[in-house]
Student: 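My questions all concern the structure below.
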Amino acid sequence: DSDAMSIPEDSAGISARRLMALYRTMVRIRAFEDAAEVASRGGVAAFGAALDAHAAQVRGPLHLSTGQEAVPAGVCANLSRADYLTSTHRGHGHAIAKGADPCAMMCELFGRANGTNGGKGGSMHIADFSVGMLGANGVVAAGIPIAAGAAHAIRIRGGDAVVACFFGDGAVNRGPFLEGLNWARIFDLPLLFVCEDNRYSATTATAAMTGGEGAAARARSIGVPAECVDGNDVAAVDAVAGRLLARVRAGGGPQFLHAVTYRLKGHVSVDPAAYRSRAELDRAIELDPLRLAERRLDAFGIGGEELGAIRAQAQAEIARALEAARASSAPPPEAAYADVQDCGAGRWR
Amino acid sequence: DSDAMSIPEDSAGISARRLMALYRTMVRIRAFEDAAEVASRGGVAAFGAALDAHAAQVRGPLHLSTGQEAVPAGVCANLSRADYLTSTHRGHGHAIAKGADPCAMMCELFGRANGTNGGKGGSMHIADFSVGMLGANGVVAAGIPIAAGAAHAIRIRGGDAVVACFFGDGAVNRGPFLEGLNWARIFDLPLLFVCEDNRYSATTATAAMTGGEGAAARARSIGVPAECVDGNDVAAVDAVAGRLLARVRAGGGPQFLHAVTYRLKGHVSVDPAAYRSRAELDRAIELDPLRLAERRLDAFGIGGEELGAIRAQAQAEIARALEAARASSAPPPEAAYADVQDCGAGRWR
Amino acid sequence: MALMTYAQAACGALAEAMEGDERVVALGEDLGRGGVFGQYAGLAQRFGARRVIDTPISEAAILGAAVGMALVGLRPVVEMRVTDFALCAMDELVNQAAKNRYMFGGQGRVPLVARLPAGMWSASAAQHSQSLESWFAHIPGLVVIAPASPADNYALLHAAIACDDPVVHHEHKELWSLTGEVPQGHRVPIGQAGVLRPGEDVTLVSWSKTVHAALDAAQAAQHSGLSVEVIDLRTLWPWDRETVLASCAKTGRLMVVHEAVQAGGFGAEIAATVAEQLAIPVRRLGAPRIPVGYAASLEAEARIGSQRILDALLEWMEGRGRRRIAAAND
Amino acid sequence: MALMTYAQAACGALAEAMEGDERVVALGEDLGRGGVFGQYAGLAQRFGARRVIDTPISEAAILGAAVGMALVGLRPVVEMRVTDFALCAMDELVNQAAKNRYMFGGQGRVPLVARLPAGMWSASAAQHSQSLESWFAHIPGLVVIAPASPADNYALLHAAIACDDPVVHHEHKELWSLTGEVPQGHRVPIGQAGVLRPGEDVTLVSWSKTVHAALDAAQAAQHSGLSVEVIDLRTLWPWDRETVLASCAKTGRLMVVHEAVQAGGFGAEIAATVAEQLAIPVRRLGAPRIPVGYAASLEAEARIGSQRILDALLEWMEGRGRRRIAAAND
Ligand SMILES: Cc1ncc(C[n+]2csc(CCOP(=O)(O)OP(=O)(O)O)c2C)c(N)n1
Ligand SMILES: Cc1ncc(C[n+]2csc(CCOP(=O)(O)OP(=O)(O)O)c2C)c(N)n1
Ligand SMILES: [Mg+2]
Ligand SMILES: [Mg+2]
């Protein structure tokens with residue numbers, strides 16, 4: 001993605017080709033998560049939902065990023081495979097945008113031996129180190145210091161790689177946010193922080209839990225330059241992330257992107273999100289980043305047929321992934337004892 | 001201290017009587033710590049110093065606030081006994097300024113049964129709950145969420161009390177700083193944060209470890225109004241703290257005071273502070289808050305004799321404290337088993 | 001007497017405690033919507049946001065603030081969602097809450113209840129599945145509870161709130177929907193184990209969710225002519241040594257079973273104590289020392305179910321275990 | 001062969017490791033000035049601030065960053081100053097460092113060494129005196145080490161840095177100035193205990209500073225005609241079960257002594273294992289379950305010194321203990 005550097009400051013200047021690529025990424029994420037959601041029915045007990053082990057192919061909590069796809073798509077279009085990324089509990093989009101194979105990811109969600117994590121992690125720990133995706137994380141904000149350390153290692157060892165660190169709006173109220181940003185600042189690390197602000201921390205409206213002007217103001221107070229962007233406008237995310245990453249790559253130290261978006265689904269797949277109004281949701285659906293991109297592409301003269309083809313390709317990709325996931329086998333019991341640790345391996349009790 | 005409210009905005013407007021009271025507090029703190037330092041020789045093994053159990057009357061790490069006395073003196077002049085205070089590892093000044101009895105404190109440092117903590121805490125945990133001094137703390141920044149909780153309880157239960165939360169410049173890089181300030185802001189708590197900025201985090205110059213504009217900027221970014229003050233000018237501290245506490249008492253929510261001062265001694269009593277230059281120290285000695293206050297009092301026409309009397313009183317107070325501490329006895333071994341917990345008391349293994 | 005779930009039982013106990021003592025408050029993430037497992041359902045509506053407090057995602061501040069609240073006269077009930085997240089608040093729990101009273105020489109008390117739901121939560125993998133009760137039992141100043149039934153959750157949450165010490169209240173993540181009878185006004189003192197099934201040949205001690213597996217295994221063992229006494233410890237600290245020792249003295253054998261990793265688990269404390277005091281044969285069965293994996297086949301390796309307990313019992317007692325206890329048990 | 005302190009031995013090992021492998025870096029508070037106990041003396045001058053990294057007071061970020069560094073090819077040595085402060089980084093150590101390799105299916109490794117100086121540090125009271133090795137031994141993914149001598153600190157820090165797993169390296173706060181011989185190029189593999197004194201009547205297992213008290217007690221017991229075999233476990237996980245079991249099989253009795261609180265301490269694991277496998281008499285002596293108080297008289301109650309060990313041994317072995325083991329031992 002070396003053309004990232006040449007993107008005009010104004011996101012309106014995006015090329016049709018690039019916007020189509022971004023759209024494709026978003027569509028692939030959406031298709032993956034829609035399929036995972038269906039496969040997960042009965043898979044988690046929370047929010048009053050009961051387990052139905054027979055029905056569920058994907059078990060355990062599934063956090064969907066539906067409606068937020070523009071953020072990973074726009075940011076990762078400006079990353080190369082050699083760059084690193086740390087993610088959150090809501091990490092499917094980050095993984096796909098960073099180049100992970102949805103088939104291996106779906107196998108992981110199905111708990112298969114050939115999943116990205118060999119069936120050990122599932123959705124909450126989805127990771128593909130081979131493309132620099134250092135993992136989703138079950139602990140809010142835990143990825144922030146890890147990202148700082150990864151960037152610190154790059155700084156110490158040399159090299160051009162950078163790190164993109166994703167976290168939610170809720171994470172800005174956890175201590176590691178402060179500690180990690182401060183760390184990145186004082187050691188001048190090649191690190192882009194990306195706050196995916198979907199307005200909610202699980203069932204809680206984040207604004208009521210957050211003092212001051214929010215994420216960007218906090219970043220600036222720590223000396224990390226910050227910009228805000230409409231996180232549903234994939235071209236805008238692409239443009240601003242490109243600009244910030246160019247600064248990072250130029251040795252400008254850590255930068256911060258506050259992307260405002262919206263979580264169209266519940267917190268986990270089973271959450272009916274009864275705490276928000278229908279009107280709020282309807283407004284948000286209007287701003288679905290896929291629709292926005294489609295309208296924009298339409299203005300470029302790229303119409304239903306071409307977009308339909310992209311969607312069909314994504315559907316086909318996911319259909320293949322589902323098929324592979326269904327056909328693959330679970331890790332054998334012995335696998336539970338692999339990759340614990342070298343020193344002391346074999347001593348389980 | 002109800003006259004706190006009527007202090008003019010300009011600290012220059014302070015009355016001679018009030019300045020003398022502030023000076024007295026500072027002198028009492030200084031006298032206490034000077035005596036404790038002498039009594040502690042041989043009492044801690046760090047910075048190359050060896051233990052000499054015979055020589056030491058005060059054992060264990062002793063963190064002196066010498067040079068920083070204007071901050072607790074100025075802030076606590078605006079607190080009443082019913083107000084609460086949380087402290088740091090460097091808590092002698094906070095305790096004395098809040099009204100704790102130096103005699104009971106010295107007994108505590110000597111590890112006596114009649115110490116403030118019954119000999120269980122020592123310097124690092126010095127506390128006098130009876131005057132609202134909720135304790136020194138061995139963990140940097142740990143007092144911040146505790147202070148938020150105390151203020152939260154006041155808010156829930158009703159009442160006029162407020163909380164003053166002291167911490168060092170190093171604490172602003174720990175997660176609980178963010179979490180505690182945010183908590184105080186969103187719950188609109190009656191809480192004054194006081195950052196005692198002595199420029200050092202143990203042996204490390206804090207500036208190099210701190211991104212951005214520092215403590216006050218961070219507080220503001222979280223929505224907590226902040227003011228900076230010369231922390232060696234006790235009249236200024238008094239005035240600004242008075243103003244901020246008036247806001248807190250008027251329901252204005254949490255406020256933040258950034259007091260810039262200097263630690264004249266090493267980090268702990270045995271630290272020779274070889275990491276700073278003689279010139280730096282000499283400059284700092286010029287700005288010793290006691291000297292500044294003396295000059296100011298001199299301008300008021302309050303001369304050597306009156307100040308000498310204050311110092312003599314303080315010396316006498318501390319001499320009595322030392323005497324009492326020497327004469328008092330250690331807690332009996334059984335005391336080690338008291339105040340662990342009610343449920344399960346008597347079951348030690 | 002009412003039939004209710006484990007979550008409802010806790011909710012009821014908390015509601016009663018809040019009704020009876022206005023110093024009792026609850027705080028944690030998402031409580032205003034009833035908590036993600038419904039264990040706070042209706043409480044915010046009933047007692048208001050002032051007493052059922054929604055918090056930011058700030059575990060350190062949640063627990064730290066609870067310490068401050070407790071020092072200034074409240075009796076906070078703190079929700080950590082899962083034990084695993086409480087790792088973000090270990091200084092606050094272990095250095096602050098547990099030691100406050102002692103290190104300040106008894107000047108204050110910290111009557112808080114920290115709810116740390118423990119154990120696996122189906123397919124939630126390594127960071128949402130831990131049982132760390134042995135950590136907290138090791139810390140002076142803390143009381144540690146782990147109820148296995150709705151009735152005990154009800155009674156012990158009441159007891160925890162009434163207790164003047166900081167209490168770690170370990171609910172189990174997979175028991176929320178378990179239904180059972182909760183007698184009106186039911187009370188169980190902290191520190192009292194329950195003998196759930198009398199037996200003669202061996203004493204089986206457990207707690208939390210594994211109690212149910214232990215009961216099933218005991219039942220099945222009966223068919224093999226083995227009479228197993230099952231004790232639900234309920235309180236980990238102070239644990240009911242008298243009841244356990246009396247049972248062991250009678251049966252002459254002890255097996256402790258728990259979901260936590262066996263190495264360094266609290267079963268070691270019980271087994272060691274019984275070995276020291278009675279010099280009878282002891283055995284433990286806990287999870288292998290592996291993180292909990294996501295796939296069902298991996299997760300199963302970390303589960304201590306009734307079959308595994310039965311096999312261990314039979315293998316030990318009569319040398320006729322039907323298969324190796326755990327494939328990888330070295 | 002050189003005479004050096006425990007702190008110097010560690011410093012030497014780290015310097016050699018940094019010399020030999022440029023991926024090795026050290027990070028923590030105050031390292032640039034040699035660390036407050038001199039255990040990093042001269043390293044910043046020698047290797048520069050890029051590799052001997054001064055950090056803010058940000059324990060969570062220190063350990064979290066070390067995880068990220070390790071994933072991207074470094075081998076960080078992390079200084080936590082005292083175990084007690086590592087409680088501010090428990091998520092990072094237990095949920096992140098320990099589980100990373102497993103939960104991501106072996107995609108990465110986290111070869112970091114977390115130095116958590118343990119135990120009392122004279123008159124430092126409750127928040128600076130904890131021994132929590134049993135916590136870490138309980139956590140899958142972690143290796144746990146606790147050397148008692150300069151030579152072992154040297155050798156085991158080398159081994160820890162060479163290890164591809166996250167290692168908790170527990171130095172002891174009161175051993176920094178202990179002087180001893182460190183043979184040139186001395187190596188001890190992780191997981192290997194040392195039999196420090198052969199004996200016939202009873203096996204005494206210990207680790208860290210308490211080893212010295214155990215040796216003194218064994219020496220004194222000799223005068224009473226008691227032959228005590230003393231084992232320094234050195235590694236808590238994976239602990240050297242073979243050596244301990246062989247010794248116990250020979251002597252027929254086991255006593256484990258440690259500075260940590262006895263309840264839930266790692267002595268329980270050893271005693272339980274030996275009781276399970278050999279059915280011989282076992283005893284433990286650890287600290288009472290109380291926080292460490294400041295005054296010497298209080299602190300002494302929590303100390304497991306040689307006299308207390310000797311008394312416990314004699315009382316147990318021959319019924320002629322000279323006084324009650326601990327005033328408040330119930
Ligand atoms: C430390 C911690 N506390 C609580 C949780 C439970 N939890 C999981 S996701 C979540 C909400 C996170 O909100 P945000 O950071 O905005 O991310 P989003 O879910 O909106 O993507 C919470 C509270 C957790 N995983 N980790
Ligand atoms: C969490 C934690 N980390 C490290 C320490 C060790 N330590 C004690 S005081 C101190 C320096 C604190 O600096 P600052 O907050 O500025 O307070 P000051 O000592 O200057 O008063 C350090 C690092 C500690 N007590 N707690
Ligand atoms: Mg969010
Ligand atoms: Mg300072």
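So that the names make sense, note that chain A is the first sequence line, chain B the second, and so on, each numbered from 1.
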Student: Where is the tightest heavy-atom contact between C:V292 and D:Y102, given as atom of each residue plus distance?
Tutor: C-CE2, 4.2 Å

Student: Measuring only between side-chain heavy atoms, which start at C-beta, is C:W316 closer than 4.5 Å to D:E276?
Tutor: no

Student: Tell me, for C:Y294 versus chain D, whether the close heavy atoms (under 4.5 Å) come from the side chain, the backbone, both or neither.
Tutor: neither

Student: Against chain D, label C:S129 side chain, backbone, both or neither, depending on which of its atoms sit under 4.5 Å from a heavy atom there.
Tutor: neither

Student: Between D:A271, D:A275, D:A126, which has the largest tally of heavy atom pairs under 4.5 Å with chain C?
Tutor: D:A126

Student: Quick check on the interface: out of D:L236, D:L93, D:I290, who has the most heavy-atom pairs with chain C under 4.5 Å?
Tutor: D:I290

Student: Within the distance-only criterion (no hydrogens, no angle test), does the side chain of C:E269 pair as donor or acceptor with the backbone N or O of D:G264 below 3.5 angstrom?
Tutor: yes

Student: Does any non-hydrogen side-chain atom of C:W237 lie less than 4.5 Å from one of D:R289?
Tutor: yes

Student: Can you list every pair that meets salt bridge (Lys or Arg N to Asp or Glu O under 4.0 Å) and has a residue in residues 82-97 of chain C, with sequence neighbours left out?
Tutor: C:D84-C:K173

Student: So which residue, C:A86, C:A268, C:P291, ends up with the most heavy-atom pairs under 4.5 Å with chain D?
Tutor: C:P291

Student: So C:Q130 and D:K99, side chain to side chain contact (heavy atoms under 4.5 Å, CB included) or not? Walk me through it.
Tutor: CA-CA 11 Å; C:Q130 291 168 92; D:K99 297 178 178 38; 3.0 Å; yes

Student: Which residues from residues 137-146 of chain C are near chain D, with near meaning under 4.5 Å between non-hydrogen atoms?
Tutor: C:A137, C:H138, C:I139, C:P140, C:G141, C:L142

Student: Between C:Q127, C:M103, C:Q262, which has the largest tally of heavy atom pairs under 4.5 Å with chain D?
Tutor: C:Q127

Student: When heavy-atom pairs shorter than 4.5 Å are enumerated against chain C, which of D:A272, D:A287, D:A263, D:P281 gives the highest number?
Tutor: D:A263

Student: With under 30° as parallel and over 60° as perpendicular, where do the rings of D:W135 and C:W135 fit, or are they tilted in between?
Tutor: parallel

Student: Return the option, out of C:L132, C:V256, C:V94, C:I270, with the maximum number of heavy-atom pairs under 4.5 Å with chain D.
Tutor: C:V94

